[in-house]
Each structure stands twice: as structure tokens, then as C-alpha cells.
Amino acid sequence: MHRVYENDDIVVFWDSEKCRHARKCVEGSPETFNPLNKPWINLNKADTAEIWQAVSACPSGALSCVYSHGIRVVYDEAGCRSVAYDGDREIGECDYQETPDGWNIYHTGVSPEYGGKGIAKRLVYRLAEEAERRKINTVPTCSYAVKVLSR
Ligand code: SF4
């Protein structure tokens, strides 16, 4: 299961398949990571430095994070894609095609001047999360999406 959590400052990614339940995150920021809550991650309970440190302590790679840089990522159902915006400007997208086997994520692209900000990963995670919530498989053929979603 892939989940992405955001506040105004940071974006946290969680891959449940990699989680070894070592609870380092819970120890590092108990208000943020609480397995008794649903959703179990709440980014509005602690400051960014504490959350960042707790994410960095994750021994399995299940958690990772990036700064949001004011970029918004949304799911565009009609367009079969996720889209990244800087204000009103579209700066990236991740596209899929519906197939009998699931969503074929076939393209991920971000404007070059926005590289290195984790936007492509946010785009892929947003689609993976949406597909999983709908109980639809993802069958990525975009090499970047394959890498992000691989176990
Ligand atoms: S620290 Fe990482 S491996 Fe441990 S419970 Fe948290 S997410 Fe899972």
C-alpha cells in the first residue's frame, strides 16, 4: 500500500510493504505517527524538524519525505493522470491508461526547472494511492514509476 501525506511544508511517503513495524517513527514523533489512529500519520501535530528526523530514523525505507515547495499535486480523473501545479501553472503530470490488468502508468514528466524536488515521486504515489483505494492494480510501464513502486 502506498500513501502520501502532506501539509504546507512537507510531503511524507509511506510504503506499507516495506514497513517492518520497528516503530522508530512512533518513538521519534508519537503525535505524528500513531498506529491507533486512522489515518495513522498526521502531519499537523508536530513541527517539520521533528517529523523529518523521525522519517529519517525509519530503518526499512518505508518512510521518506520531501519539502512541498508550495507545489500542489492532484488527481485528475477525467484526464487519467495526476497533475502538479505551481500556482496556476501546470509543471508536471503522471499519466495512465485503463487496461484489463489495471492502470498502466506509462508516463511521468516534470518541467526540468522543477527537478530534484520529489515532484515526480509525488505524482506516481498520488496515482498509486488512488488506484489502491479503488482496489485497482497498477501495472506501470514508465521506467520511473516502475522504480518508485518496486518492492
Ligand atoms: S520506522 Fe519505518 S519500519 Fe518502523 S514502523 Fe515506522 S515506517 Fe515502519
Side-chain angles (χ1 to χ4, degrees), residues 1-77 80-86 91-96 98 101-111 114-151:
M1 179 197 301
H2 298 84
R3 290 289 181 266
V4 57
Y5 305 86
E6 306 189 11
N7 64 18
D8 290 343
D9 209 16
I10 56 170
V11 180
V12 171
F13 306 95
W14 182 58
D15 180 347
S16 68
E17 299 289 323
K18 290 182 181 164
C19 181
R20 287 200 256 107
H21 306 291
R23 296 178 64 89
K24 289 284 180 198
C25 55
V26 179
E27 288 164 20
S29 186
E31 296 290 326
T32 304
F33 303 96
N34 185 341
L36 299 178
N37 290 341
K38 218 171 169 185
W40 79 287
I41 297 178
N42 183 337
L43 300 185
N44 298 312
K45 299 270 190 176
D47 62 33
T48 298
E50 180 181 306
I51 298 170
W52 195 283
Q53 207 166 358
V55 168
S56 304
C58 173
S60 66
L63 285 173
S64 56
C65 61
V66 296
Y67 287 107
S68 61
H69 298 281
I71 306 301
R72 207 163 41 92
V73 172
V74 298
Y75 172 56
D76 169 13
E77 183 169 9
C80 292
R81 63 182 190 152
S82 53
V83 195
Y85 292 99
D86 183 1
I91 54 138
E93 67 176 348
C94 183
D95 305 279
Y96 69 91
E98 291 180 20
D101 296 326
W103 288 1
N104 170 15
I105 300 174
Y106 64 90
H107 169 255
T108 310
V110 175
S111 297
Y114 289 88
K117 293 179 165 49
I119 298 168
K121 185 171 180 178
R122 291 174 65 184
L123 287 162
V124 172
Y125 256 71
R126 188 68 193 84
L127 281 190
E129 184 179 62
E130 195 64 42
E132 287 163 9
R133 287 190 195 281
R134 294 164 187 242
K135 303 197 184 324
I136 297 170
N137 287 332
T138 50
V139 282
T141 51
C142 157
S143 59
Y144 178 74
V146 168
K147 194 173 113 192
V148 168
L149 299 177
S150 69
R151 301 297 179 207

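Both counts, for ligands and for their atoms, begin at 1 and track the order of listing. Only this structure's heavy atoms are used, side chains among them; waters, hydrogens and symmetry mates stay out.
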Mind checking whether W14 and W40 have parallel, tilted or perpendicular rings, split at 30° and 60°? perpendicular

Should you measure from each heavy atom of L63, which atoms of ligand 1 turn up under 4.0 Å away? 7 (S)

Any carboxylate oxygen within less than 4.0 angstrom of a Lys/Arg side-chain nitrogen, looking at E6 and R122? yes

Under a 3.5 Å threshold, yes or no: a donor from one side chain and an acceptor from the other, between D9 and Y67? no

Go through ligand 1 atom by atom and flag the ones less than 4.0 Å from a non-hydrogen atom of S60. 2 (Fe), 3 (S)

Could you confirm whether H21 has any N/O/S atom lying under 2.8 Å from atom 8 (Fe) of ligand 1? no

Where is the nearest protein heavy atom to atom 5 (S) of ligand 1: which residue, which atom, and how far? R23 N, 3.2 Å

Kindly indicate whether a cation-pi arrangement holds for K121 with F13, taking the cut-offs as under 6.0 Å to the six-membered ring centre and within 45° of the axis. yes

How are the rings of H2 and Y125 set to each other: parallel, tilted or perpendicular (split at 30° and 60°)? perpendicular

Where is the nearest protein heavy atom to atom 6 (Fe) of ligand 1: which residue, which atom, and how far? C25 SG, 2.3 Å

Got a salt bridge between E93 and R126, using NZ or NE/NH1/NH2 to carboxylate O under 4.0 Å? no

Give me the residue, atom name and distance of the protein heavy atom closest to atom 8 (Fe) of ligand 1. C19 SG, 2.3 Å

The closest protein heavy-atom partner of atom 2 (Fe) of ligand 1 is C58 SG, 2.4 Å

Between F33 and ligand 1, find which residue part has any heavy-atom pair under 4.0 Å and reply side chain, backbone, both or neither. neither

